[in-house]
Each structure stands twice: as structure tokens, then as C-alpha cells.
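Comments concern the structure below.
Hydrogens, waters and symmetry mates play no part in the numbers below; they use all other heavy atoms, side chains included. Every number for a ligand or one of its atoms is a count from 1 in the order of the listing. What you see is a predicted model, and the numbers here were worked out from it, not measured in a lab.
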Amino acid sequence: MDITLLSSPLQGFTDFRFRNAFQNYFGGIDTFYSPYIRLNGKLDIKPAYERDILPKNNTTLEVIPQIMTNDADEFLFVVKFIQSLGYKELNWNLGCPYPMVVNRCMGSGLINDPQRIDHILNRVHSESDVVVSMKMRMGYEHSGEILDVFPILDKYPLKNIAIHARIGKQLYKGGVDLKSFERCLESTRHKIYYNGDITTVQGFWEMQDRFPSIDHWMIGRGLIADPFLPMMIKNNSAEYPENRMIIFGKFIDTLYHEYSEALSGESHVLMKMTSYWEYFSNAFDNPHKTLKKIKKAKRIEAYERAVSEILSE
Ligand SMILES: Cc1cc2nc3c(=O)[nH]c(=O)nc-3n(C[C@H](O)[C@H](O)[C@H](O)COP(=O)(O)O)c2cc1C
């Protein structure tokens with residue numbers, strides 16, 4: 001079966017700089033979802049959101065923009081904006097689990113309000129020709145919440161529903177709930193994409209065996225922790241290229257230079273790179289020791305020395 005791999009968005013990580021560097025050195029991802037656009041009560045797009053999806057910043061990538069909102073006017077405003085840049089599809093985030101979002105009835109906090117979801121989808125489909133896709137958890141409090149949303153979603157011509165097989169309350173803790181995910185497959189007419197905890201080639205194939213009808217898979221943190229993963233899945237091989245560390249070194253060097261140009265001040269660049277290393281370190285034999293080395297570096301020179309030590313070990 002042909003499989004499609006999608007990069008699941010991570011706000012603060014998978015911006016256009018990361019996506020371009022990833023595409024250049026690794027590949028294996030068919031489509032990238034950009035991190036959500038969120039308006040804060042004003043119909044106004046922040047420059048950083050715009051920069052992230054400008055076609056000139058994404059020339060070699062297929063990108064689908066994402067919105068997080070609970071308001072039809074905001075949704076329609078962002079539709080106009082992305083359409084003005086040439087995009088045809090907008091992905092709707094009903095998955096974010098953080099209290100600041102959930103308490104405002106957004107992200108996974110909106111899943112238990114099917115009527116509001118209906119109202120928004122109704123207006124978006126009657127007042128625009130945008131293609132809508134969903135990315136959601138199975139609920140906030142419990143995994144049955146999504147079952148009350150499916151009959152609403154079934155009324156609309158959605159492109160797909162990507163499901164992160166957790167509930168919001170879990171944040172990122174505990175495991176994915178594959179039994180409840182399985183129930184979702186039987187409960188909607190829409191095409192379902194799977195998302196959650198794909199971190200190894202072996203783990204991917206176990207999932208594919210368990211869910212043979214799924215052919216679209218979204219990978220989030222696993223792709224940052226091990227950027228070789230999507231290509232290895234596509235090649236059906238758990239073998240890294242011989243020059244693995246050289247490629248990885250060039251990749252982080254590119255990221256480092258990109259952020260040095262974009263951010264002001266050494267400490268911001270170091271903070272940014274350290275946040276990536278929180279993920280990168282997982283692909284090394286001793287993640288804790290690796291991350292500790294990076295965190296110890298308070299100046300650029302020390303950071304560069306730490307990286308070269310880690311890569312040569
Ligand atoms: C730091 C962070 C930021 C995230 N930002 C977004 C986002 O902007 N939009 C979204 O749909 N999901 C976001 N997610 C969720 C991921 O896309 C993904 O659904 C989740 O991590 C589960 O998939 P994974 O196990 O493959 O990482 C974020 C997750 C993390 C940890």
C-alpha cells in the first residue's frame with residue numbers, strides 16, 4: 001500500500017526554517033501542516049504567522065495552514081487570508097490540550113460542543129469554498145466525546161479527520177488509546193488519518209499492521225527527535241545512512257545559522273537550539289547526558305564545542 005506521511009505541526013518547532021532544512025537534508029514527508037494561526041480577538045494576522053506560510057518561504061514544500069479558533073468570523077477571516085496566498089485548504093485544530101486554550105473553549109476544549117462546531121462549519125461552507133480538514137483529539141474529558149461530533153462532521157465535505165489518539169486531559173502523558181481510536185474508524189464516513197507516538201520504524205509497522213485501512217500517518221515529535229524516521233519508514237528500512245552524523249550535523253548547523261539570522265542575541269539562539277536538543281537528544285545513546293552537555297553551554301563557542309563532541313562520540 002502507498003503510504004502518505006504528514007508532518008504534524010509543533011508550534012515553536014516546525015516553522016518554515018525547520019521545514020526547509022528538514023526537507024533539504026532528510027525528506028520522506030509528503031505534506032507539512034504549519035503550526036496553528038490564532039487570532040487574539042482581533043481580525044489581524046501577526047507577521048510571524050504570515051512569514052511562516054508565505055509561498056516564497058516554502059518553495060519546495062507542500063504546506064497546509066492550520067487555524068485554532070471557536071469563532072466563525074475568525075475562521076472566515078483566516079480563510080480569506082490563506083486563499084490570498086494561494087492555499088486551498090485550512091486545517092482546524094481541535095486538539096490543543098493546554099488549559100489556557102481549553103478554558104476558552106478552543107482546541108480539545110471545543111470537542112464537547114458539537115453545536116458550536118456545527119455552526120462554524122455551516123458558516124464556513126456556506127460563505128467560502130475553502131477545503132476544510134480537521135485535526136483533533138478524541139475528547140477532553142473522555143474519548144467518547146468525539147462520537148457525538150462525528151454526525152455533525154459527516155454533514156460536511158471535509159477532506160479528512162486526523163486523530164491524535166489521546167484525550168486533552170492527558171496532555172502528552174500516558175499512552176495512546178488505540179481501542180478508542182479503532183472505534184472512531186467505524187463511526188464516521190470521513191477519511192481518518194492516524195497521529196500519536198510514532199517514533200520508530202518498527203513502531204510504525206506495528207501500527208500499520210493493527211490499522212491496515214489507514215494510509216495517512218502524521219508524525220510530530222518523532223520527526224524532530226529523529227529526522228531520518230520518515231525516510232526510513234518510506235524505505236521500509238531501519239538502517240541509517242552511513243554518514244548519519246554528518247548529515248545530522250549539517251542539518252543542525254543550518255538551523256543554527258537560520259536562527260542566528262532571525263533572532264536577536266546569542267541567548268535567544270541558544271535557547272532555541274536547546275529546545276530542539278530536548279528532542280534531538282532522544283536519538284542518542286544517552287539522551288540525558290547529551291542534553292546536559294548542551295544545556296551547560298552558555299555561550300555560542302561552548303555550544304559549538306558541545307555539538308561537535310556529541311556528534312563525534
Ligand atoms: C510543543 C508542541 C507544539 C504543538 N503545536 C501544535 C500545533 O500548532 N498544532 C497542532 O495541531 N498540534 C500541535 N501539537 C501536537 C502535535 O502536532 C501532535 O499532534 C502530537 O504531538 C502527537 O503526535 P506525536 O506523538 O507524533 O508527536 C504540538 C505538540 C507539541 C508537543
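- E74 has no carboxylate O lying under 4.0 Å from a charged side-chain N of K42, or vice versa, which leaves the two without a salt bridge.
- A donor-acceptor pair is defined here as one N or O able to donate and one able to accept, closer than 3.5 Å; no such pair exists between the side chain of W277 and the backbone of K292.
- Under a 4.0 Å criterion applied to the non-hydrogen atoms of P35, ligand 1 contributes the atoms 8 (O).
- Comparing P97, S7, G220, P9 against atom 16 (C) of ligand 1, the shortest heavy-atom distance belongs to P9.
- Salt bridge annotation for K88-D129: absent, with no cationic side-chain nitrogen under 4.0 angstrom from a carboxylate oxygen.
- When non-hydrogen atoms are compared, ligand 1 lies under 4.0 Å from the backbone of R221 as well as from its side chain.
- Residue-level proximity to ligand 1 for Y33 is absent, since no heavy atom of it falls below 4.0 angstrom.
- In summary, D197 and R221 engage in a salt bridge, as defined by a charged side-chain N under 4.0 Å from a carboxylate O.
- At a 4.0 Å heavy-atom cut-off, ligand 1 touches Q11 through backbone and side chain alike.
- Of the listed residues (L10, L94, V176, I37), the one carrying the non-hydrogen atom nearest atom 4 (C) of ligand 1 is L10.
- In this structure a side-chain-to-backbone donor-acceptor pair under 3.5 Å is present from N20 to N57.
- In summary, the atoms of ligand 1 found under 4.0 Å from a heavy atom of D197, numbered by their order in the structure, are 24 (P), 25 (O), 26 (O).
- Set against the non-hydrogen atoms of Y36, the atoms of ligand 1 under 4.0 Å away are 7 (C), 8 (O), 9 (N).
- Taking the six-membered ring wherever Trp is involved, the centroid distance between the rings of F248 and F228 does not fall below 6.0 Å.
- A salt bridge is defined here as a Lys NZ or Arg NE, NH1 or NH2 lying under 4.0 Å from an Asp or Glu carboxylate O, and K46 with D52 fails to meet this definition.
- Remark: ligand 1 atoms within the under-4.0 Å shell around heavy atoms of S8 are 16 (C), 17 (O), 18 (C), 19 (O).
- Atoms of ligand 1 found under 4.0 Å from any heavy atom of Y279, numbered from 1 in the order shown, are 31 (C).
- A salt bridge links R210 with E182: at least one charged nitrogen is closer than 4.0 Å to a carboxylate oxygen.
- Under a 4.0 Å criterion applied to the non-hydrogen atoms of N93, ligand 1 contributes the atoms 9 (N), 10 (C), 11 (O).
- Within the 4.0 Å heavy-atom criterion, the part of Q66 lying near ligand 1 is the side chain and not the backbone.
- We find that E313 and K293 are joined by a salt bridge, their nearest charged nitrogen and carboxylate oxygen being less than 4.0 Å apart.
- Not a single heavy atom of G12 sits closer than 4.0 Å to an atom of ligand 1.
- When only non-hydrogen protein atoms are considered, atom 15 (C) of ligand 1 lies nearest to Y172 OH, 3.4 Å.
- When hydrogens are left out, the protein atom nearest atom 1 (C) of ligand 1 is F13 CE1, 3.8 Å; that is the closest non-hydrogen contact.
- When each of P9, S7, P65, S8 is tested with Y33 by the rule side chain to side chain contact (heavy atoms under 4.5 Å, CB included), just one qualifies, namely P9.
- Applying the 4.0 Å criterion to heavy atoms of K135 picks out, from ligand 1, the atoms 10 (C), 11 (O), 12 (N), 15 (C), 16 (C), 17 (O), 18 (C), 19 (O).
- The part of N195 lying near ligand 1 is the side chain, judged by heavy-atom distances below 4.0 Å.
- For the 3.5 Å distance criterion, the side chains of Y276 and Y259 qualify, holding a donor opposite an acceptor.
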